[in-house]
Amino acid sequence: MALNRTPRRRLPWIAAGDLNGFFGLVVDNLSILGFLSAALIGLFGFPADVVFQKMFPGTALGVLVGNLIYTAMARRLARRSGRDDVTAMPLGLDAPTSIGLALLVLGPAYAGLRAEGLAEYEAAIATWQLGMAAMIVMGLFKFVLSFAGAQVQRWVPRAGLLGSIAGIALMLMGFLPLVEALKVPVVGFVTLGLLLYALVARGPLPGRLPGVLFAFLVGTALYYGLGAAGLSPGFAWPTGLSAQPALPWPTLGFIEGLPRVVPYLPLVLPFGLLMVVGGINVTESARAAGDDYRTRDILLTEAVSTLVAGLCGGVAQTTPYIGQPAYKRMGARSGYTLLTGLFIGLGGMLGLVSGLVELLPLAVLAPIIVFVALDITVQAFQATPPKHAPAVALAFFPPIAYLLAIKLGNPGIVPAERFAELFAAPGHGLPELAVIVMLGNGFIITSMLWATALAAMIDHRPRAAAGALGVGALFAAFGVIHSVRPDGGLTAPWQLDDAALAMAAQFTGAYLVLAAMLWLLSLQRGVAAKS
């Protein structure tokens, strides 16, 4: 006897809400690509053809690969669960690390190579290879940590993880782009104000336009309108030369960049760690919204897409975005990630993305990054226990030092000879400039360790705090944090001269003495049990 089987409903590729999700995800990625190119070309004088023809195609390919995998995962979950409301995990370029790499690694590396005497194009290619190497290192690091991400979360509290990224956000992603936005005050300030009105105050907009799109349209119209009238400082019409096809062929150029990436490992590795922990958090967020993805699959996907990008010339890592529940509320399913991957990936190869990015002025893009920085900072306080708020705030100080070091290390502000004099100037205690530079060197790891130690103290676990400080002492001894080199490079104690060794010993000793004090305090009655 034949059995009656209910036919399985065909799962549509594009749902009505996918178009809303597509626009939101595409704008996020274009904003980051726009600021990446504007920072490298506008701030550091990087050759535009290297950015658009070599960096962008591979970076866009990573977005394509990651979104295709997440689309397949969503459709598989929908078929397995028999549901048609499964929403794919959104994937795109990570704002803090992409902008951080541009401002803290790629730009300074290019400037350093130019100062060494390399020609513009040679320095740009060497910097591109360094960027690829950084992607490979972060991808491999994320691949390994994807099997131990939960353990990392147990070792480092949220105050340490989110506090460190919030410090980057507020001081570097917030302040530096704000300065760039206000170089064209009418455009930058109005765009920022409209973003805050629409996205923070949630004010109504005509035609229910998305807030980012509305601010984009107004800001861009102001920029070109004022520029055409001769009222915008530094205005220049786009050349359109960037809109040229370029295929992301695999290359082993990253091998040549590996030696140059070593001094930047204290920045690069924490960026990878933050993405792993962020991937765990967003997976939990999606699970709470009803879509039960396997955490390891989410993490492995972002690792693989980062590796693909790096192998093909990309310089910005991919990550799953925190907004999966928001996309679900929009009615997005799996089509929006498919469309985004195809648009960014194929558009990056065909020159479409580069052409769009060139049309978007920095004064309009920078306020979006400022808004993202504010959002990350607020989230750091909201997502951590209120009692750990001082630990989050403490994590801001090393990024402040790094921000000052960036400005003071600019030869246009402080000549190199004068910088060297101030770095070694005798006086009461260590030279002030040396303290600023050393506090800023390795600032992400320093922020993590400081916030972790203070959170442990707040939880009455002085031995755990002493352990974090012991790690800090080891790192300080080898220049992972508080490097005595102005460029932040790693050091070994036996390689330092007497003056540098004395400064390194002071910071290392500070961590050891405080760790010992906390360990002794833990021996008090009633404290040892909590530790």
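When a residue number appears, it is its place in the shown sequence, counting from 1. What you see is a predicted model, and the numbers here were worked out from it, not measured in a lab.
In this structure, Thr306 and Phe143 have side chains that are not in contact, with every pair of non-hydrogen atoms separated by 4.5 Å or more. Between Trp519 and Arg463, some side-chain heavy-atom pair lies under the 4.5 Å cut-off. Within the 4.5 Å cutoff, no side-chain heavy atoms of Ile136 are placed close to those of Ile255. Looking at heavy atoms from C-beta onward, Val315 lies in side-chain contact with Trp128 at the 4.5 angstrom threshold. The side-chain heavy atoms of Leu113 and Glu122, taken from C-beta on, include no pair separated by under 4.5 Å. At least one side-chain heavy atom of Leu176 sits under 4.5 Å from a side-chain heavy atom of Leu403. The shortest distance between side-chain heavy atoms of Pro320 and Pro90 does not fall below 4.5 Å. Annotation: side chain of Leu33 is not in contact with side chain of Met55 (no heavy-atom distance under 4.5 Å).
Side-chain N or O atoms of Asn441 include none that pairs as donor or acceptor with a backbone N or O of Gly479 at under 3.5 Å. Side-chain N or O atoms of Ser447 include one that pairs as donor or acceptor with a backbone N or O of Ala395 at under 3.5 Å. Counting only distance, with no hydrogens or angles, the side chain of Gln524 and the backbone of Leu521 share a donor-acceptor pair below 3.5 Å. In terms of modelled atom types and a separation under 3.5 Å, the side chain of Tyr321 and the main chain of Leu93 share a donor-acceptor contact.
Between the CG atom of Leu258 and the CE atom of Met132 there is a distance of 10.0 Å, given to the nearest 0.5 Å. Note: Ile125 CD1 to Glu120 CD = 11.0 Å, rounded to the nearest 0.5 Å. For the atom pair CZ (Phe507) and CG (Leu512), the distance works out to 13.5 Å, reported to the nearest 0.5 Å. In this structure, CG on Leu91 lies 8.0 Å from CG on Asn29, to the nearest 0.5 angstrom. The CE atom of Met438 lies 7.0 Å from the CG atom of Leu430; values are rounded to the nearest 0.5 Å. The OG1 atom of Thr127 sits 10.5 Å away from the CZ atom of Arg114 when rounded to the nearest 0.5 Å.
Below 30°, between 30° and 60°, or above 60°: for Trp450 and His482 the angle between ring planes is between 30° and 60°, a tilted geometry. Between Tyr110 and Phe46, the angle of the ring planes lies from 30° to 60°, which puts this pair in the tilted group.
With sequence neighbours excluded, the residues that form a salt bridge (charged side-chain N to carboxylate O under 4.0 Å, His left out) with Lys142 are Glu302. Residues forming a salt bridge (charged side-chain N to carboxylate O under 4.0 Å, His left out) with Arg296 (at least two apart in sequence, or on another chain): none. Partners of Lys387 according to the salt bridge (charged side-chain N to carboxylate O under 4.0 Å, His left out) rule, which considers only residues two or more places apart in sequence or in another chain, are Asp459.
Screening Val480, Thr508, Thr446 for a side-chain contact (heavy atoms from CB on, under 4.5 Å) involving Phe475 leaves a single residue, Val480. Paired with Leu374 under the rule side-chain contact (heavy atoms from CB on, under 4.5 Å), one option of Leu199, Val200, Leu196 passes, and it is Leu196.
Listed here is the closest heavy atom pair of Pro108 and Ala102: CD-O, 4.0 Å.
The number of heavy atoms from other shown groups lying within 6.0 Å of CD (Glu421) is above 12. More than 12 heavy atoms of other residues, nucleotides or ligands sit less than 6.0 Å from atom CZ of Phe419. No more than 12 heavy-atom neighbours from other residues, nucleotides or ligands sit within 6.0 angstrom of CZ on Phe397. Other residues, nucleotides and ligands contribute only 12 or fewer heavy atoms inside 6.0 Å of the CZ atom of Phe189.
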Report the C-alpha separation of Leu101 and Met135 in whole Å, then their side-chain angles, then the decisive distance to 0.1 Å, and conclude whether the side-chain contact (heavy atoms from CB on, under 4.5 Å) test is met. CA-CA 10 Å; Leu101 279 172; Met135 290 300 102; 3.3 Å; yes
